[in-house]
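Following: one structure in structure tokens, then a few remarks.
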Amino acid sequence: MTDQATKTLRSTFDELAAQVRAFAPEDLVRQSGASDWDVSQVLSHLGSGAEINLAALEGAINGTGAPEIDTIRAIWARWDAMSPAERANAFLDANESHIARLEGLDPGTRESLRIALWFPIDPLDVETFAKFRLSELALHAWDVQVTFDQAAGLRPDATDILLDRIGGMLGWTAKPDRLGRAATLAVHVTAPERSFGLAIGEQAEIVDVPAEPDAVLTAPAEWWLRLVTGRHAPEHTPPVVELTGSITLAELRQVFPGF
């Protein structure tokens, strides 16, 4: 039985793929939600990532291990050299191949397989591997979609999965020194509902809800995910987001500049 993360990978990709197929040539060179990339460059990142993830998956199945860094660099170089239209078409093919391979794993393999990645981390089981890829696909899909819809949000099914994993990303998405002081927040999110604390000190980390927080943040869960990954510009912040206390949204945005 296919795990929920793989099902959500499929739904997230299918939605984005339908949009990409309808793009005109000029759409592919529009500025995306990622400040350094146009739309085609986001698709290139997602396409090369799918190719690298598929290589890791095949390496785990075949016993050859994760792709070497030289292999990965060659993949990046090939995608960088593509035209915008080529990137869009290759994005569709690469992600379809990767997700279909995950979907096609038999139950025994799905249970026993452990997948080594190309950087120092313990090998992942299939569901965790799919969640790892989902975080990349869902967030960068937003980078494309917000180009054409300023009110775009993350998909609810992806938000539900990624919400409980975001704490592990704070070590490299957060710049806590930019706040200039230590602080704690009580965070209350909706859809799905969760309450937890955010401690900002030498590092940023998820903690229990503090008894006396410096500030209280109430927001949709999908915006919380976008906040901590730098996708939080005022024009992309829904009016229901509320922050009270001694920290401003402008200050909080500085802590999470994006990647």
Side-chain angles (χ1 to χ4, degrees), residues 1-17 20 34 37 40-83 86-144 155 157-158 161-162 164-173 229 259:
M1 181 177 178
T2 303
D3 60 83
Q4 187 59 46
T6 299
K7 292 178 181 177
T8 306
L9 262 179
R10 167 57 71 186
S11 61
T12 302
F13 168 65
D14 284 350
E15 179 182 63
L16 180 58
V20 170
W37 290 339
S40 80
Q41 288 169 308
V42 178
L43 298 177
S44 175
H45 179 75
L46 287 174
S48 61
E51 189 173 333
I52 293 164
N53 275 264
L54 179 57
L57 177 58
E58 296 291 5
I61 293 169
N62 301 328
T64 55
E68 299 289 340
I69 188 61
D70 286 346
T71 299
I72 292 172
R73 286 173 178 153
I75 291 171
W76 287 336
R78 176 161 43 79
W79 283 81
D80 287 344
M82 292 181 186
S83 68
E86 289 171 335
R87 289 171 180 162
N89 291 329
F91 155 82
L92 296 170
D93 292 341
N95 281 275
E96 177 62 38
S97 295
H98 176 233
I99 296 170
R101 188 69 166 109
L102 276 172
E103 292 171 328
L105 296 176
D106 63 75
T109 300
R110 184 172 295 279
E111 179 68 26
S112 63
L113 191 66
R114 296 296 180 269
I115 305 159
L117 301 185
W118 47 96
F119 54 90
I121 188 175
D122 291 338
L124 307 179
D125 60 59
V126 171
E127 184 170 9
T128 304
F129 178 70
K131 290 177 180 178
F132 171 80
R133 178 58 184 165
L134 177 62
S135 64
E136 188 88 351
L137 181 61
L139 290 166
H140 286 302
W142 182 88
D143 292 336
V144 173
R155 288 177 56 90
D157 52 358
I161 291 173
L162 298 180
D164 293 327
R165 295 178 52 81
I166 198 66
M169 298 178 65
L170 298 187
W172 59 278
T173 65
T229 57
F259 60 92

Sorted by chain and number, sequence neighbours left out, salt bridge (charged side-chain N to carboxylate O under 4.0 Å, His left out) with Arg73 holds for Asp70
Going by the angle between their ring planes, with limits at 30° and 60°, are Phe132 and Trp118 parallel, tilted or perpendicular?
perpendicular
The side chain to side chain contact (heavy atoms under 4.5 Å, CB included) partners of Ala17 (sequence neighbours excluded) come to Phe13, Arg21, Leu92
In a table with atom names and distances, give each donor-acceptor pair under 3.5 Å that connects a side chain of residues 40-47 to protein atoms at least two apart or in another chain.
unit_1	atom_1	unit_2	atom_2	d
Ser40	OG	Asp38	OD1	2.8
Ser40	OG	Arg87	NH1	3.0
Gln41	OE1	Asp38	N	2.7
His45	NE2	Glu136	OE2	2.3

Residue set satisfying salt bridge (charged side-chain N to carboxylate O under 4.0 Å, His left out) with Asp164, at least two apart, ordered chain then number -> Arg194
Applied to residues 113-124, the salt bridge (Lys or Arg N to Asp or Glu O under 4.0 Å) test, sequence neighbours excluded, yields none
So the side-chain hydrogen bond (donor to acceptor under 3.5 Å, both in side chains) pairs with at least one residue in residues 90-104 (sequence neighbours excluded) are Arg10-Glu96, Arg10-Glu103, Glu58-Arg101, Asn95-Arg133
Residues at least two apart in sequence or cross-chain that pass side-chain hydrogen bond (donor to acceptor under 3.5 Å, both in side chains) with Asn62, listed by chain then number, are none
The salt bridge (charged side-chain N to carboxylate O under 4.0 Å, His left out) partners of Glu15 (sequence neighbours excluded) come to Arg155
Smallest heavy-atom separation, Thr12 atom then Ala138 atom, equals CG2-CA, 4.1 Å
Contacts of Glu68 meeting side chain to side chain contact (heavy atoms under 4.5 Å, CB included) (sequence neighbours excluded), chain-then-number -> Thr71
**OP:** Tell me yes or no: between the side chains of Asp14 and Ser11, is some donor less than 3.5 Å from an acceptor?
**Re:** no
Sorted by chain and number, sequence neighbours left out, ring-ring contact (aromatic ring centres under 6.0 Å, His included) with Trp79 holds for none
| message | Can a donor-acceptor pair be found, under 3.5 Å and without considering hydrogens, that links the side chain of Glu51 to the backbone of Ser48? | response | no
Those residues at least two apart in sequence (or on a different chain) that pass side-chain hydrogen bond (donor to acceptor under 3.5 Å, both in side chains) with Ser135 are none
